[in-house]
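Below is one structure, written out as structure tokens, with a few remarks after it.
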Amino acid sequence: MRDWGPLATILLAFAFVSCSRVSESATATHSSGTIPGVVRVSRPDSPNTLNPLLGGLYIENYIQEAIFDGLVKLDSNGAILPDLAQAVPSLSNGGLSRDGKTITYRLRHGVVWHDGTPFTSADVVFTYKEMIDPKVPFPAASTYSDVASVSAPDQYTVVIRLKKPLAMALGQLFCDGESGQIVPKHLLDHSANMVTDPFGSHPIGTGPLQFSRWEHGTVIVLVPNPHYFLGVPQLREVDIFTIPDANTALTMARSREIDIAQLTTPSQATTLRGVPGINVIAAPAYSLTYVEFNVRHPPFDDRSVREALALAIDRPAIAQRAYAGFALAADSLIPPYSWGYAKDNGAPPYDPAAARKLLDADGFLVGPDGVRAKNGVRLEAAILVDAASASGLSGAQQVQAYWRAVGVDAAVKPMPLNVIRGPGGPAERGTFSVFYATIGFDVDPSRDTILSNESFPPNGNDLARYSTPEVERLIELGASTYDRAQRAAYYARLQRRVNYDMPDIPIAWPRFIYAVNTDLHGFAPETVNSDFWNVYDWRI
């Protein structure tokens with residue numbers, strides 16, 4: 001899971017299928033500042049390495065998708081597409097076995113690495129061996145924990161055998177952007193130390209763009225791969241600038257010194273709305289803002305208290321205010337634009353009167369100071385929140401106000417995220433009571449990483465320490481079949497059960513907001529992994 005940043009609420013029906021163009025100014029000729037054939041991208045952070053076996057940062061994965069390939073990849077709607085494989089394996093094409101435990105990939109012919117060496121199935125087997133090598137700090141090693149073996153019967157065939165049927169495998173294993181990029185055996189097979197190998201600074205892939213130069217902390221320059229299997233990209237160069245200051249990035253986007261800038265706050269989108277030569281695009285994403293209870297910490301170990309506090313919150317109002325309309329109110333841990341979403345999911349509505357009645361019935365009565373107490377213990381909630389997140393602080397403060405209105409002594413406790421989530425921090429040790437958090441999900445609707453005892457810290461993101469036999473069983477059932485309709489039925493039951501237990505209160509699905517030069521054509525944001533998924537189609 002990843003925390004990808006802020007996003008937008010427009011009309012629900014529209015939000016489910018595509019990006020929205022918030023403002024648009026079309027030009028017949030190139031805008032001032034445009035460099036034909038050159039796309040300039042701004043990012044706030046800089047990578048440490050470009051070796052896919054090592055990089056665990058979002059920016060690293062983001063850039064690597066342009067340089068490397070997987071067997072498959074995701075498009076801007078989250079659909080799985082073939083990449084180095086000729087087709088996505090399925091029962092109908094013979095790539096998926098009847099028991100769901102064997103996946104066979106037929107590889108494209110004629111693919112070469114950027115140095116001209118032919119790509120073969122041996123590269124895939126080598127990459128897998130490095131992924132599971134304990135000496136290699138591969139950040140997504142757990143993704144491959146259910147793989148029994150990866151073999152290559154011939155140079156154009158890869159066979160993956162799973163320990164058990166795993167529906168998520170098709171969109172996660174060797175998926176470009178999902179830490180599944182394939183590296184060259186001929187260059188790394190004899191590496192003395194993968195961590196220090198110069199490959200991390202001078203990568204060689206099979207992707208649409210190839211590495212040119214890296215001015216550390218300033219810019220990474222990529223150029224077209226003339227031998228790319230889908231055709232030569234229609235660009236001369238892509239420059240990825242490190243611009244930590246959001247205002248600087250905004251100014252450069254406005255003057256068209258930058259062609260693609262991801263905006264960090266909704267106010268920036270408002271500033272650019274109507275500016276000639278700029279499209280402001282709000283793209284649906286899989287990043288959720290939510291309230292997480294520590295269900296082992298009284299009084300939040302009481303389900304009725306959690307339900308009452310959920311009833312006390314006006315989620316659409318928070319989504320509107322905290323994100324200036326650039327977020328979709330959430331009523332489930334699965335977004336409405338996912339095939340796994342169930343509209344009839346039992347989410348508590350905004351009903352403060354019902355919240356008060358439920359707390360009264362549970363014995364939490366209002367005292368002279370307006371704060372509820374039970375057996376002499378006040379109903380208190382210390383809400384942890386990332387101190388650096390403006391939208392998070394706004395949302396947490398609104399939750400505080402809603403809870404105070406029903407008699408809760410609520411306080412907001414800003415803290416650096418690396419302290420909250422770091423080793424020995426309150427999230428890992430379970431010493432918090434409430435956390436106003438943001439989490440990035442995979443496109444697949446499985447939620448084992450937030451709802452399973454296997455994901456209790458430090459092994460995952462179930463910070464609530466929530467687990468029930470029914471939910472564990474539904475997670476297992478959803479993962480064990482490849483039939484989407486059956487999986488959706490399991491996840492519908494899971495959503496209803498979780499909305500009853502309420503270990504988490506989903507608040508909003510923020511959107512990614514981009515400022516894009518109107519001269520750039522073909523750009524289609526892919527908010528889970530990397531916008532470079534179709535860079536070979538870009539032109540400017």
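We count residues from 1, following the sequence as given.
- Electrostatic pairing of R372 and D360 counts as a salt bridge here, judged by a charged N lying under 4.0 Å from a carboxylate O.
- For the 3.5 Å distance criterion, the side chains of S304 and D362 qualify, holding a donor opposite an acceptor.
- Residues E472 and S452 bring a donor and an acceptor atom of their side chains to less than 3.5 Å of each other.
- For the pair R43 and Y62, the distance from NZ or CZ to the six-membered ring centre is under 6.0 Å and the angle to the ring normal is within 45 degrees.
- The distance from the CZ atom of F300 to the CG atom of L309 is 6.0 Å, given to the nearest 0.5 Å.
- Atoms CG and OG1, from D462 and T449 in turn, are 9.0 Å apart once rounded to the nearest 0.5 Å.
- A donor and an acceptor atom, one from each side chain of Y323 and T289, are located under 3.5 Å apart.
- Judged by distance alone, the side chain of N294 and the main-chain N or O of F432 form a donor-acceptor pair under 3.5 Å.
- T481 and D483 form no side-chain donor-acceptor contact under 3.5 Å, judged by distance and modelled atom types alone.
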Exercise. Step by step, would you call Q495 with I334 a side chain to side chain contact (heavy atoms under 4.5 Å, CB included)?
Worked result: CA-CA 8 Å; Q495 289 166 81; I334 298 174; 3.6 Å; yes
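- Side-chain atoms of V158 and V150, non-hydrogen and from C-beta on, do get closer than 4.5 Å to each other.
- Within 6.0 Å of NZ on K374 lie more than 12 heavy atoms contributed by other residues, nucleotides or ligands.
- D501 CG to T468 OG1: the interatomic distance, rounded to the nearest 0.5 Å, is 6.0 Å.
- Taken to the nearest 0.5 Å, the CG atom of N499 stands 10.5 Å off from the CG atom of D344.
- R161 is listed as a side-chain neighbour of T102, based on a closest heavy-atom distance under 4.5 Å.
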Problem set entry | Working for side chain to side chain donor-acceptor pair (under 3.5 Å), residues Y514 and D531 | CA-CA 11 Å; Y514 298 82; D531 301 317; 3.0 Å; yes
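- The aromatic ring centres of Y105 and F174 sit 6.0 Å or more apart.
- No side-chain donor-acceptor contact under 3.5 Å links N534 to the backbone of D537.
- For the residue pair P299 and L379, the shortest heavy atom distance occurs at CG-CD1, 3.5 Å.
- Here D386 contributes atom CG and R421 contributes atom CZ; the two are 11.0 Å apart, rounded to the nearest 0.5 Å.
- The closest side-chain heavy-atom distance from Y286 to D442 is not below 4.5 Å.
- The two residues E60 and N48 make their nearest non-hydrogen contact at OE2-N, 2.8 Å.
- Across every non-hydrogen atom of L311 and P348, the tightest pair is CD2-CB, 3.8 Å.
- For the residue pair N77 and Y337, no side-chain donor N or O sits within less than 3.5 Å of a side-chain acceptor on the partner.
- Between the side chains of E526 and S530, no donor-acceptor pair of N or O atoms lies under 3.5 Å.
- Although no hydrogens or angles enter the test, the distance criterion places a donor-acceptor pair under 3.5 Å between the side chain of Q268 and the main chain of A246.
- Within 6.0 Å of CD in E470 there are more than 12 heavy atoms belonging to other residues, nucleotides or ligands.
- Side-chain contact between S480 and K164 is absent, with no heavy atoms from C-beta onward closer than 4.5 Å.
- Considering all non-hydrogen atoms of both residues, Q398 and A322 come closest at NE2-N, 3.6 Å.
- Using modelled atom types and a 3.5 Å distance limit, the side chains of D99 and S97 yield a donor-acceptor pair.
- Looking only at distances, no side-chain donor or acceptor of N418 sits under 3.5 Å from a matching main-chain atom of G422.
- Using modelled atom types, no side-chain atom of T438 and backbone atom of S287 make a donor-acceptor pair closer than 3.5 Å.
- Counting heavy atoms from C-beta on, the side chains of V412 and P414 come closer than 4.5 Å.
- Aromatic pair Y402/Y350: ring centres closer than 6.0 Å.
- By the 4.5 Å heavy-atom criterion applied to side chains, S179 and F138 are counted as neighbours.
- Side-chain atoms of E65 and N529 form no donor-acceptor pair, as typed in the model, at a separation below 3.5 Å.
- Residues Q400 and I383 have side chains in contact (heavy-atom distance under 4.5 Å, counting atoms from C-beta outward).
- At least one donor-acceptor pair closer than 3.5 Å links the side chain of S455 to the backbone N or O of D448.
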Problem set entry | Stepwise side chain to side chain contact (heavy atoms under 4.5 Å, CB included) test for Y128 and I160 | CA-CA 10 Å; Y128 171 69; I160 298 177; over 6 Å; no
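- Salt-bridge annotation for R487 and D444: present, with a side-chain N of the basic residue lying under 4.0 Å from a carboxylate O of the acidic one.
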Exercise. Could you go step by step and tell me if S46 and I59 meet the side chain to side chain contact (heavy atoms under 4.5 Å, CB included) rule?
Worked result: CA-CA 7 Å; S46 181; I59 181 60; over 6 Å; no
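- Contact check for P445 versus W339: side-chain heavy atoms found under the 4.5 Å cut-off.
- Minimum heavy-atom separation, P52 to Q64: CA-OE1, 3.6 Å.
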For this session: Quick one: do W403 and V434 satisfy side chain to side chain contact (heavy atoms under 4.5 Å, CB included)? Show the steps, please.
Result: CA-CA 12 Å; W403 285 354; V434 181; 4.0 Å; yes
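- Salt-bridge formation is not detected for the pair K163/D146: no Lys NZ or Arg NE/NH1/NH2 atom is positioned less than 4.0 Å from an Asp or Glu carboxylate oxygen.
- We find the CZ-NZ distance between F532 and K73 to be 13.0 Å, quoted to the nearest 0.5 Å.
- R315 places no side-chain N or O within 3.5 Å of a backbone atom of I507 that could act as its donor or acceptor partner.
- Between the side chain of S394 and the main chain of S391, no donor-acceptor pair closer than 3.5 Å is present.
- When every heavy atom of A347 is checked against every heavy atom of D331, the shortest pair comes out as CB-O, 3.4 Å.
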